[in-house]
Amino acid sequence: MHGSGETRHEEPVRARRRVRSHRRVLALTLTFVVVSTAVLALGVQRLSDLQSQARDAEDELVRPAALLQQLADAQQQSMAAFQAAVSTDDHELQTTHLTDASTFGERGTRADKQYRRVAAGLPGERTAWARYDELTTVQTDAGRQAALALLNSPSASAPEVRHPADAYLTASGQKLEITTELEEAYVDRIETAVGDVGSDAGTSLRIVLIAFAIALAVALTIAGFHLRSALVQERQLEREDRARDEAAGHNAFEARIQRALEMSGTEAGSYRVLAEALDEVVPDFRSEVLVADSSRAHFRRVLGSDDGEGCGVTVPGDCPATRAGQTATFTSSSDLDACPFLKDRPMGACSATCVPLSIAGRAVGVVHVVGEDRAPPPQSTTVDVELIARRAGERIGLVRAFEASEIQAQTDPLTGLMNRRSFENRVREIVADGSSYTLAYADLDRFKDLNDTHGHDTGDRALRLFARVLRDGVRPHDLPARYGGEEFVIALPDCSVTDAVSVMERVREHLALAIGEGSVPTFTVSMGIAGAADREGLQDAMARADEALLSAKAQGRDRIVVAPSSPTDPSPVPLDARRSTGAA
C-alpha cells in the first residue's frame with residue numbers, strides 16, 4: 001500500500017514538473033517569439049524606412065534630374081533649329097526653323113517650370129538659376145532681334161542678323177552648360193543617396209538574419225517570411241542600382257561620343273567616329289551604314305565592307321527601318337516576317353538590328369548591325385547603337401548646315417555664280433600656284449534701259465539667263481563670277497587670249513540662241529579681254545580688261561575688244577572679225 005501511495009504521490013509531482021517544464025518551454029518559446037518578433041519588427045520597420053528613403057530620394061532627386069534632361073534636350077533642339085534658320089536665305093525655311101525653335105523653347109520653359117517646383121535646392125543651385133534667368137533675358141532679346149532681322153534682311157549672313165544670332169547662340173550655349181552642370185550634380189547626389197541606402201539595407205539584413213537564427217525553432221515560418229521580404233527588397237535595390245549604373249554608363253558613353261563628334265569637324269570625320277563607336281559597342285557583329293545621296297533617291301554605303309555580304313537595299317523607301325523611322329530587329333532572316341533584304345545572303349541565316357539615321361529630323365540613312373542567326377544584339381546594346389545613330393545624325397546635320405551657309409556666303413544669291421570676294425580669292429590662289437590666266441570683263445548693254453522699260457523682274461531674269469549661258473559656255477575649270485550689278489568677270493586659267501576670245505564668242509552665240517527662245521527681251525553684251533602679264537596684280541589686269549570693255553562700249557557695244565598684251569602697249573584693239581549677236 002505504501003508503494004502505491006508513493007506512486008500516487010510522485011505522479012502529480014512529475015505531472016507538475018512536466019507542467020513546469022512545459023511552462024518553461026512555453027515561456028522560453030514565448031520569450032524567443034517575443035524577442036524575435038520585436039527584433040523582426042525593428043527589422044521590418046527599418047526596411048520600411050529604407051523604402052521610404054528610396055521613395056523620398058526618387059521624389060527629391062530623380063524627378064528633377066529627369067526634368068533637367070528634358071530641358072537640356074529642348075535647349076539643344078532649339079539651338080539646332082535656330083542655327084538652321086540663320087544658315088539659310090530661304091524665308092520659308094527661316095520661318096519654319098524659327099517656329100521649330102520657338103516650339104522647342106516653349107517645351108524647355110515647361111520643363112523649367114516643372115523642375116523649379118520639385119527642385120531639391122542643391123548647394124549653388126540658386127546662384128546658377130539666377131545666372132540662367134539673366135541669360136534667358138539676353139537670349140530672348142537677341143532671338144527676337146534676329147528673327148525680326150531675318151524677316152527684313154535679304155541674307156541670313158547680314159550683320160544685322162549675324163550679331164543678334166551669335167548673341168542668341170552664345171546665351172543658349174551658356175544656359176545649356178548650366179543645365180548640364182545641375183543635372184550632373186543631381187546624378188552625383190542620386191548615386192550618393194543610393195549608396196547610403198544600400199549600406200543601411202545591408203546592415204538591416206544582417207540584423208534580420210541574426211533574429212532568424214535565434215528564433216529559428218519557434219518562428220521559422222515568420223523568419224522565412226521576413227527573410228523572403230528582405231531578399232525581395234534587396235533584389236529590388238540591386239535592380240535599381242543596376243538600372244542607375246546602366247543609365248550612368250549610357251550617359252558617360254554619350255558624352256564621349258559627343259566630344260568625339262565635336263572634334264571631328266567634317267561629315268567624313270563624323271562617319272569615322274560612327275565607325276569607331278560601333279566597333280566598340282558591337283565588336284562581334286558586322287555593321288554598315290547607308291546614307292541617301294543628295295537626291296534622296298538612292299543609298300550609298302559610307303561604312304562597312306564591300307565583299308557582297310552587305311545589305312542589298314538601294315532605295316531609302318525600301319528599307320523598313322528608314323521607312324518607319326524606328327528601330328527594327330529581326331531575330332532570324334529565315335522568319336516569315338524578316339526583312340526581305342536579309343534573306344538568301346551568302347553568309348546564310350542571320351539576325352539583324354536596323355537603326356534609322358536621322359539628319360535634320362528626316363530618316364535618310366540606316367545603321368545595319370548583323371549577327372549570328374537568332375542572336376541579335378541585346379536591348380542594352382541596341383540602346384547604345386540608337387544613341388550613336390542619334391548623335392551622329394545630329395552632328396552631320398549641323399555640319400551640313402554649316403557647309404551650306406559657307407557655300408551661300410561665297411555665291412551670288414541671284415545668279416548662283418561666285419561673288420566678288422570669292423572670285424578674287426580664287427584668282428589669288430591661281431597666281432600663288434604660278435599659273436597664268438586670261439581675264440574677261442563682260443557688261444550687259446543698256447541694262448538700265450531694260451530695267452526701266454520692262455521692270456526689275458525682267459532685269460533679274462536677264463541676269464540669270466546670262467549667268468546660265470556663261471556657266472554652260474565656259475570651260476569646266478574656268479571661273480565665272482558676278483562682279484556687281486550687270487557686270488560679270490571670268491578668269492580662264494592656262495588660256496591664251498586667242499582661246500579666251502573663242503570661248504567668249506561661243507558664250508555670245510549661246511546667248512543669242514537663248515534669247516531667241518523668247519524668255520526675256522533682246523539684249524547684248526560687251527566684253528573686254530586681257531591676258532594677265534607676268535607678276536601683274538589682279539586689280540591691274542582688271543583695270544586693263546575694263547579699259548578694253550569701255551572701248552567695246554565706245555565702238556558701238558555688242559562686241560569683244562582685246563586689251564594690249566602689256567600695260568605699256570597702245571590702246572585696246574577690237575577683233576578683226578566681229579560676229580554681232582543683235583542690236584547694240
Would a 4.5 Å heavy-atom cut-off, applied to side chains only, mark [X] and [Y] as touching?
X	Y	value
Ser172	Phe82	no
Arg461	Leu465	no
Phe423	Leu417	no
Ser358	Val364	no
Phe253	Val281	yes
Gln139	Gln75	no
Cys311	Glu288	yes

| task | Check the pair Thr322, Val313 against side chain to side chain contact (heavy atoms under 4.5 Å, CB included), reporting the backbone distance first and the verdict last. | result | CA-CA 11 Å; Thr322 304; Val313 63; over 6 Å; no
| query | Would Val385 and Phe285 satisfy side chain to side chain contact (heavy atoms under 4.5 Å, CB included), going step by step from the backbone distance to the final call? | reply | CA-CA 12 Å; Val385 175; Phe285 292 80; over 6 Å; no
[X] side chain to [Y] main-chain N or O, any donor-acceptor pair under 3.5 Å?
X	Y	result
Arg475	Pro493	yes
Arg482	Asp412	no
Asn425	Arg421	yes
Ser78	Ala74	no
Ser333	Cys350	yes

Below 4.0 angstrom, N of the basic side chain to O of the carboxylate: do [X] and [Y] qualify?
X	Y	result
Arg391	Glu394	yes
Arg390	Asp73	no
Arg374	Asp335	yes

Using only heavy-atom distances, determine whether the side chains of [X] and [Y] contain a donor-acceptor pair under 3.5 Å.
X	Y	value
Thr327	Glu386	yes
Arg239	Gln236	yes
Arg110	Gln70	no
Ser422	Asn419	yes

| request: Answer yes or no: does atom CZ of Arg426 have more than 12 heavy-atom neighbours from other residues, nucleotides or ligands under 6.0 Å? | output: no
| Residue Asp344 excluded, over 12 heavy atoms near CG under 6.0 Å | no
| query | After noting the C-alpha distance and the side-chain angles of Glu177 and Thr180, does the key distance pass the side chain to side chain contact (heavy atoms under 4.5 Å, CB included) rule? | reply | CA-CA 5 Å; Glu177 292 177 359; Thr180 303; 5.7 Å; no
| message | Determine whether Leu357 and Val289 satisfy the following criterion, side chain to side chain contact (heavy atoms under 4.5 Å, CB included), listing intermediate values before the conclusion. | response | CA-CA 9 Å; Leu357 182 66; Val289 178; 4.2 Å; yes
